[in-house]
Participant: 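Right, I'll just put the structure down here and ask away after.
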Amino acid sequence: MKQKKPFSDAKHWRRRAEATRVKAESIEGDTSRRRLLKVAKEYDKLARLAEKRQRKEVDGQF
């Protein structure tokens with residue numbers, strides 16, 4: 001079986017986004033919290049890209 005690389009694994013990025021949001025909730029500083037939330041949004045973008053990549057692989061386009 002072919003092993004998934006994290007870059008192509010949408011679940012991996014969604015977990016990272018969620019963990020980052022949880023961490024942001026525990027931080028008191030507004031600047032640090034905003035930065036972590038921005039990182040979480042970037043992880044969400046990576047998850048969407050991974051999903052697109054997976055769909056293309058399934059469709060034989062990749």
Side-chain angles (χ1 to χ4, degrees):
M1 184 196 292
K2 188 176 176 182
Q3 209 174 25
K4 281 187 180 180
K5 295 179 181 172
F7 190 74
S8 297
D9 185 0
K11 289 180 185 179
H12 167 81
W13 296 115
R14 298 249 184 254
R15 285 189 301 267
R16 298 273 313 243
E18 181 58 27
T20 303
R21 284 188 186 90
V22 168
K23 181 73 172 174
E25 290 174 12
S26 71
I27 292 183
E28 293 182 21
D30 287 337
T31 301
S32 296
R33 184 180 310 113
R34 278 195 305 270
R35 285 181 180 166
L36 282 173
L37 291 173
K38 185 176 179 180
V39 169
K41 285 183 181 183
E42 294 301 317
Y43 286 148
D44 286 331
K45 287 180 186 179
L46 288 170
R48 286 190 297 275
L49 288 172
E51 288 168 346
K52 275 185 173 180
R53 193 174 300 107
Q54 288 171 344
R55 281 193 299 272
K56 286 182 180 180
E57 286 175 1
V58 169
D59 292 342
Q61 296 177 1
F62 201 52

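When reading the values below, keep in mind they use all heavy atoms of this one structure, side chains included, and skip hydrogens, waters and symmetry mates. Worth saying up front: this structure is predicted, and the values here are computed from it rather than measured.
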Participant: I'd like to know if Asp44 pairs up with Lys41 as an ion pair, taking the criterion as any Lys NZ or Arg NE/NH1/NH2 lying under 4.0 Å from an Asp or Glu carboxylate oxygen.
Facilitator: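 Judged by the 4.0 Å cut-off on N to carboxylate O distance, Asp44 and Lys41 do not form a salt bridge.
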Participant: Looking at Glu18 and Lys23, is there a salt bridge between them, counting it only when a charged N and a carboxylate O are closer than 4.0 Å?
Facilitator: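 Not counted as a salt bridge, because no side-chain N and carboxylate O are separated by less than 4.0 Å.
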Participant: So which heavy atom on Ala10 is nearest to which on Gln54, and how close?
Facilitator: N-NE2, 3.8 Å
Participant: What's the spacing between Lys52 NZ and Ser8 OG if we round to 0.5 Å?
Facilitator: 14.5 Å
Participant: Look at Arg48 together with Glu51 and state whether they make a salt bridge at an N to O cut-off of under 4.0 Å.
Facilitator: no
Participant: Do Arg53 and Asp9 meet the salt-bridge criterion of a basic N to acidic O distance under 4.0 Å?
Facilitator: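 No, no charged N to carboxylate O under 4.0 Å.
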Participant: Any chance CZ of Arg15 has more than 12 other-residue heavy atoms, nucleotides or ligands included, within less than 6.0 Å?
Facilitator: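 Counting other residues, nucleotides and ligands, CZ of Arg15 exceeds 12 neighbours.
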Participant: Show the nearest heavy-atom pair for residues Leu36 and Ile27, with the distance to one decimal.
Facilitator: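 Nearest heavy atoms, Leu36 then Ile27: CD1-CD1, 3.2 Å.
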Participant: May I ask you to test the Arg16-Arg21 pair for a side-chain heavy-atom distance under 4.5 Å?
Facilitator: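 Result no, sub-4.5 Å side-chain heavy-atom pair not found.
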Participant: Hydrophobic clustering (ILVMFWY, side-chain heavy atoms < 4.5 Å, transitive) - are Tyr43 and Leu37 grouped together?
Facilitator: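 No, Leu37 and Tyr43 fall in different hydrophobic clusters.
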